[in-house]
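Here the structure comes first, spelled out in structure tokens, and everything after it is commentary.
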Amino acid sequence: MTKINTALIDDEQDALDTLEILLKEYPQVNIIKKTTNPLDIFPLMLKEKLDLIFLDIQMPLINGLDLIEKIKTCSPGIAVIFVSAHANFTAEAIKHNTFNYLLKPVCRTELKSSINKVTLYLNNSTTILPSQKIILNSKNETLFIDSKDVVLLQANGNYTRILMHDDNEHIVSYNMGTIINKFPDNLFVRVNRSLMVNKNFITSINRKQKKCIINYHQEELVADASSVFLREINNIF
């Protein structure tokens, strides 16, 4: 059984102890450290490979939402589950592609679901989970976009066209570089200067004609492929 190296961070010792007891039901979860000091995570990450962090939000030294941004800079693929006594941070937590948002006291059923998702993710790094939603603002609305349903991103100056698998299209006032940083790492590949495509929708690549074939509702979208993309294919996939 593959071990999930885990850290628990909460400024309340009782909350840490309770969570540790609950996690003993999962032998794959290997708790490397539990700490009331959120800044302990950085020296730990230098010494150990962490797979999962359970993280409180309201802490005196640093807010959990600010901390996760710094953690993801060091380890973009790490799985994070927020554990909080407050429900009003859920929308902010979604922005960080967390695996779940557990309310205290932690429900055993929700904890089990979270552990199952993390296990699946770690066993298959290409898995994109339904909970990984991205929040973006368009001209008239706030969008909650499920990353696995995005087919492609197409740059148009300071705007980006987002084509969804359900036939919807959105134009958002972000450049493509800003948007791509919001999505899970390694989900999209740059096919040419103005186009990034979800790898799960690419069906073939014609090297001779320099074309990338994208599956879209059992039809084929054909995009020009750059020389850089063609040269790096083996490293990308």
Side-chain angles (χ1 to χ4, degrees), residues 1-87 89-133 146-148 183-187:
M1 179 184 296
T2 302
K3 293 293 185 180
I4 302 174
N5 291 335
T6 304
L8 316 181
I9 304 174
D10 196 307
D11 63 307
E12 297 179 358
Q13 187 64 49
D14 288 347
L16 287 174
D17 295 340
T18 299
L19 183 56
E20 182 181 33
I21 291 170
L22 292 174
L23 289 172
K24 286 182 178 179
E25 298 179 14
Y26 304 92
Q28 71 269 41
V29 176
N30 177 33
I31 299 176
I32 293 178
K33 190 176 186 66
K34 61 174 186 175
T35 179
T36 57
N37 184 348
L39 301 181
D40 284 346
I41 192 65
F42 298 108
L44 178 64
M45 291 173 68
L46 292 175
K47 296 187 297 183
E48 304 282 354
K49 180 186 179 300
L50 279 180
D51 302 305
L52 171 63
I53 298 175
F54 285 86
L55 181 60
D56 189 18
I57 290 183
Q58 287 194 315
M59 297 181 289
L61 291 177
I62 184 172
N63 182 286
L65 296 168
D66 294 331
L67 181 64
I68 192 56
E69 288 187 4
K70 299 180 185 298
I71 290 172
K72 291 266 188 176
T73 299
C74 303
S75 180
I78 198 166
V80 177
I81 297 172
F82 279 118
V83 184
S84 176
H86 308 279
F89 295 104
T90 306
E92 283 294 314
I94 288 174
K95 294 180 183 179
H96 297 281
N97 302 321
T98 53
F99 280 74
N100 212 339
Y101 188 102
L102 303 178
L103 287 175
K104 300 175 183 176
V106 173
C107 169
R108 277 186 161 86
T109 301
E110 291 185 5
L111 180 61
K112 180 179 180 180
S113 174
S114 299
I115 296 299
N116 288 341
K117 286 180 180 180
V118 171
T119 302
L120 179 62
Y121 167 73
L122 294 175
N123 287 339
N124 180 3
S125 61
T126 63
T127 299
I128 305 302
L129 302 176
S131 61
Q132 292 183 306
K133 289 185 178 292
D146 199 327
S147 56
K148 69 181 177 60
F183 284 96
D185 294 322
N186 302 319
L187 175 59

Nearest 0.5 angstrom please: [X] [atom1] to [Y] [atom2], how far?
| X | Y | atom1 | atom2 | answer |
| --- | --- | --- | --- | --- |
| Ile62 | Ile68 | CD1 | CD1 | 10.5 Å |
| Lys104 | Leu19 | NZ | CG | 9.0 Å |
| Ile81 | Leu8 | CD1 | CG | 10.5 Å |
| Leu120 | Ile115 | CG | CD1 | 13.0 Å |
| Met45 | Ile53 | CE | CD1 | 6.0 Å |
| Ile21 | Leu16 | CD1 | CG | 11.0 Å |

Practice task
Please check if the side chain of Asp10 supplies one atom and the backbone of Glu12 the other of a donor-acceptor pair under 3.5 Å.
Solution key: yes
Exercise for the section: Please name the pair of heavy atoms, one in Leu55 and one in Gly64, separated by the smallest distance, quoted to 0.1 Å. Expected result: CD2-O, 3.5 Å
Handout entry: Where Asp51 and Lys3 come nearest, the two heavy atoms and their spacing
Key = OD2-O, 3.6 Å
Heavy-atom check, side chain of [X] versus side chain of [Y], under 4.5 Å:
| X | Y | result |
| --- | --- | --- |
| Asn100 | Leu111 | no |
| Thr18 | Pro105 | no |
| Phe99 | Leu52 | no |
| Asp11 | Asp56 | yes |
| Lys148 | Asp146 | yes |

Handout entry: Of Val80, Thr6, Ile9, the residue whose pairing with Phe54 passes side chain to side chain contact (heavy atoms under 4.5 Å, CB included)
Key = Thr6
Problem - salt bridge (Lys or Arg N to Asp or Glu O under 4.0 Å) against Lys47, all qualifying residues, sequence neighbours excluded - result: none
Practice task
Using the side chain to side chain contact (heavy atoms under 4.5 Å, CB included) rule, take Thr119 and Ile4 through it: C-alpha gap first, then chi angles, then the decisive distance, then the call.
Solution key: CA-CA 8 Å; Thr119 302; Ile4 302 174; 3.6 Å; yes
Exercise for the section: Check step by step if side chain to side chain contact (heavy atoms under 4.5 Å, CB included) holds for Thr35 and Leu44. Expected result: CA-CA 11 Å; Thr35 179; Leu44 178 64; over 6 Å; no
Handout entry: Pairs touching residues 20-31 that satisfy salt bridge (charged side-chain N to carboxylate O under 4.0 Å, His left out), sequence neighbours left out
Key = Glu20-Lys34, Glu25-Arg108
Practice task
Show the numbers, then the answer: is there a side chain to side chain contact (heavy atoms under 4.5 Å, CB included) between Leu50 and Ile71?
Solution key: CA-CA 11 Å; Leu50 279 180; Ile71 290 172; over 6 Å; no
Problem - Stepwise side chain to side chain contact (heavy atoms under 4.5 Å, CB included) test for Glu110 and Leu103 - result: CA-CA 9 Å; Glu110 291 185 5; Leu103 287 175; 5.9 Å; no
